[in-house]
Amino acid sequence: MTYNHQEVESKWAKKWKDSNLFVCNFDDSDQKFYSLFMFPYPSAEGLHIGNYFCFTVSDLIAKFKRLQGYNAFCPIGWDAFGMHSENYAIKIGETPQKMLSRTVENFRNQMIESGFGVDFTKEVDTTSKEYYKWTQWIFLKLLEKDLAFQKSSLLNYCPSCKTVLADEQIENGGCERCKTQPEKKEMKQWFFKITEFGDRLLDGLSDMDWSDITKSAQKNWIGKSKGAEITVKVDGLDKELTYFTTRPDTTFGASFITVAPELKDVLDLVLPEFVMQAQEYIAVSGAKSDLDRISDNKEKTGIFTGRYAIQPVTGHKLPIYISDYVLANVGTGVVVGVPAHDKRDFEFAEAFNLPIKRVISKDGSDSKISSVDDVYTQDGILLNSDFLNGLKVSDAITKIGEYIEEKGFGKRVTNYRLRDWCISRQRYWGPPIPVVHCDDCGVVPVPESQLPVELPEKLENWEPSGDGKGPLANVDEFINVPCPKCGKPAKRDADVTDNFLDSSWYMLRYLDPHNDSEIFNVERIKKWMPVDFYVGGNEHAVMHLMYVRFICMALFDLDLLPTENPFKKFRANGMLLKDGVKMSKSKGNVINPEEYGRKVSFDALRTYILFLGPLSEDRSFSEDGILGTRRWIDKIYKLLEKVEDKYLDSDDLLYLYNKTNKEVVIDLDEHKFNTVVAKLMELTNALIKQEKISKEVFEGFLVMVAPFLQFLAEECYSQLGNTDSVFNASWPKLDESKLVKSSIVVVVQIAGKVRAKLQVSPNITQEEIQKLALENSDVQKWLDGKEPKKVIYVPGKLVSVVV
RNA sequence: GCCUGGGUGGCGGAAUUGGUAGACGCGCAAGACUUAAAAUCUUGUUUCCUCGUGAAGUCCGGGUUCGAUUCCCGGCCUAGGCACCA
């Protein structure tokens, strides 16, 4: 009896799809389980193994929950707007619409043949009018709430992608997509005020059941720092400067002030005789990219302005310098230099021969700071600091904070690294920004009733032009519209929104994908949200996952969501490597799921990649390894011959069967798929040793195996005479009474080493077992006549004899 | 530099309210079946030695404990995030 996987798998894949087996009925929400994976952009290459892995995890959890009696929902959709698709379409000389209809079809078919239990009837496509109408609606809602605004600022402009990039899209100083170094351009763009949610985004993390690695990335990205803003007067000028510091306690150690070269009106600070040099310095540093400035950080450069600032607390006159180690967009763009307690300030002070005064030391004693290594940044006691002397750092921070506020010298503030989300893109392939610019009325939102603002379909020259305007600016019939307010000729916004906006609410639309009168039915959303389990790559830790949280907070505030956190549980999956190295097309080591489906079966592939290791860790795929899961399939299939209707299974088997059941449930809820597979394999090995197996136990076993070896389980279940799907069966009932053993093994340790094993009744008393242990001949030999000092008994486990 | 993870056989990895280290799988070796091979089945597989009722062993060095992969202190390596962030 050999198992023909190709025949079996294609048969059931078709049946599952045709019978709508995995279609979810939303009306039944008492025991709902929403399992979600990060939806893909349908690339031309088809289903990538990384996608396949992530889908498998979500699908497996959904199937498990379904078997446990939950109404499980596992949807699919296409994140098809954005530069991925647009750039590829440009490359192959096709329009994105045309290309996508083909690639989506391909993706869908691959998912069906892999046996994914996703509900295709709830499919969502971010590029459809029915979807992006509501993406635009969200924009309008945020505009209404003052969370969307236009701002002109220095932005990162990618000359290759021909659009501005969000801060999050800069990686190691380059564009995350094409690695091109972005140019700084002054442009007027739309932003979402994500910074207003900085604290909520940060505080929310603490009680979220998300991967630590993801939470840590978000925390670092938000970059909250507490400190103080202190205002200093510029001597001889009617001008003030405000600097931000996290260490106001070091105020008495300040010896200079530094301002960023890009700071507005910086030249006003400079004395006439220094202006020439200053202009030159500003020009030179302005020509450097951020990356250069960071990499040339060996030596501190700068220029003296000739001016001094009066520090209000100390009354000291501090020289003002311009230096490019200070960045205009960080804090206030003005920094106070405390060389004794900051390495950068020390380097600067050394280069410019400025005083270095210690104001903190471990025990309050003074000693000279003569090299960078002496710079003292730890906790300690204040000295040389007037009214702060003798205080601990934390107390000094509190005291001076109160002091400056009382005297009006400054205030305590919280700073964030997080920047507002720039959402304008000068591209074609996205939802047009639904506003009209009118000479008389200014920015006028498109009325809701006129949504969607349709992206023109048949368009010549839809590629980005690179002139800083989106390609839509040249489409007259699109761009020229009457102002919705006054009716005079006006122009639409020519930009489209960032792709990340599309994906920041898709999990909501899945729950009501065909609703054309509202974004979704709020009642249903409140029953089905949050998503119970979300899985995807950690490369989305800061962008996608931060934006989703932001959008959901905004929608929550509009009373459209039951919680502000959309994902009850999120797990980042590790990367799949091939023989220990990263897969890439250029290396030619890309794993194609279809190929392995054909060779060894989708069941074996699916189970193998889960068996490789813990979900969060990178795992290494090998050609040989996958044979192990394929062998497992064959072993189970052969067991069919042993199944007998009313067979009485042995106690030992029933013990293992129930123990496995119990442990598998626990491990699956903790997503420890590798150990679940190991335990099911162990049970399989025990079943192989049986003469016969009862139908009841074998069917229960098939149900436990079904989330992994889905096609095999269905086939065996059907061969046993069942007409319904194994996925309509229920999880086997746990029989606790079978988990009690008639005898247990207790080990005896002498000086911490195992020297004997005793087979005893589980109800044995401490006295009895101690007596047995000490009488044991092996124990006697090891004791060698010595008297035990102490005997420790761990019930059911061991006896430890101390000599 | 700061913030998160991780470090266990030839390999992927199991085991934590501190209690038999190496489950499960891969690979390898030997045997069975076969004319032969593949497949399959059986057995073995942490290392070392003087082969035993032996010793050592979970990145390294200390500590707590009858007992430490697990807890504490110090260090090394590694993956990810942030970074002249003031």
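Residue numbers start from 1 in every chain, and the chains themselves are labelled A, B, ... in the order their sequence lines are given, proteins ahead of strands.
- Straight-line distance from the CG atom of A:Asn674 to the P atom of B:G22: 18 Å, rounded to whole Å.
- Base engagement by A:Ala678 is indicated by at least one non-hydrogen atom pair under 4.0 Å involving a base atom.
- Here A:Lys638 does not pair with A:Asp634 in a salt bridge; the nearest charged N to carboxylate O distance is not below 4.0 Å.
- With hydrogens and angles left out, the side chain of A:Lys219 and the base of B:C82 share no donor-acceptor pair within 3.5 Å.
- Spacing between B:U47 and B:C41 at atom C1', rounded to whole Å, works out to 30 Å.
- Checked by distance alone, A:Lys797 brings no side-chain donor or acceptor within 3.5 Å of a matching partner on the base of B:U20.
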>> How would you summarise protein contacts on nucleotides 38-54 of chain B per nucleotide, using B for base, S for sugar-phosphate only and - for none, with heavy-atom distances below 4.0 Å?
In response: --SS-----------BS
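- Base pairing of B:A32 is made with B:U40, judged by Watson-Crick or G-U wobble geometry with both donor-acceptor distances under 3.5 Å.
- Atom P of nucleotide B:G12 and atom NZ of A:Lys578 are separated by 17 Å, given to the nearest angstrom.
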Distances for protein N/O vs nucleotides 4-8 of chain B N/O pairs under 3.5 angstrom?
| unit_1 | atom_1 | unit_2 | atom_2 | d |
| --- | --- | --- | --- | --- |
| B:U4 | O4' | A:Ser216 | OG | 3.3 |

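- Residue pairs that meet the side-chain hydrogen bond (donor to acceptor under 3.5 Å, both in side chains) test with at least one member in residues 202-212 of chain A, sequence neighbours left out, are A:Asp209-A:Arg571.
- Atom CG of A:Asn329 is separated from atom C1' of B:C84 by 12 Å (rounded to the nearest Å).
- Between the NZ atom of A:Lys679 and the P atom of B:G25 there is a distance of 14 Å, given to the nearest Å.
- Between the CH2 atom of A:Trp221 and the P atom of B:C82 there is a distance of 6 Å, rounded to whole Å.
- Pair assignment for B:A23 gives none, since no Watson-Crick or G-U wobble pairing has each distance under 3.5 Å.
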Which atoms of nucleotides 66-76 of chain B (N or O only) lie under 3.5 Å from a protein N or O atom, and what are those distances?
| unit_1 | atom_1 | unit_2 | atom_2 | d |
| --- | --- | --- | --- | --- |
| B:C66 | O2 | A:Ser800 | OG | 2.6 |

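- The distance from atom CG of A:Leu545 to atom C1' of B:G81 is 14 Å, rounded to the nearest whole Å.
- Among residues two or more places apart in sequence or in another chain, the salt bridge (Lys or Arg N to Asp or Glu O under 4.0 Å) test is passed with A:Lys741 by none.
- Applying the side-chain hydrogen bond (donor to acceptor under 3.5 Å, both in side chains) rule to pairs touching residues 680-691 of chain A yields A:Trp632-A:Thr684, sequence neighbours excluded.
- Set against B:C84, B:C24, B:G81, the side chain of A:Ala217 has B:G81 as its closest nucleotide.
- Nucleotide B:C24 holds its C1' atom 4 Å from the CZ atom of A:Phe611, rounded to whole Å.
- Across all strands shown, B:G81 is found opposite B:C2 as a Watson-Crick or G-U wobble partner, with both distances under 3.5 Å.
- No contact: A:Lys215 has no heavy atom under 4.0 Å from any strand.
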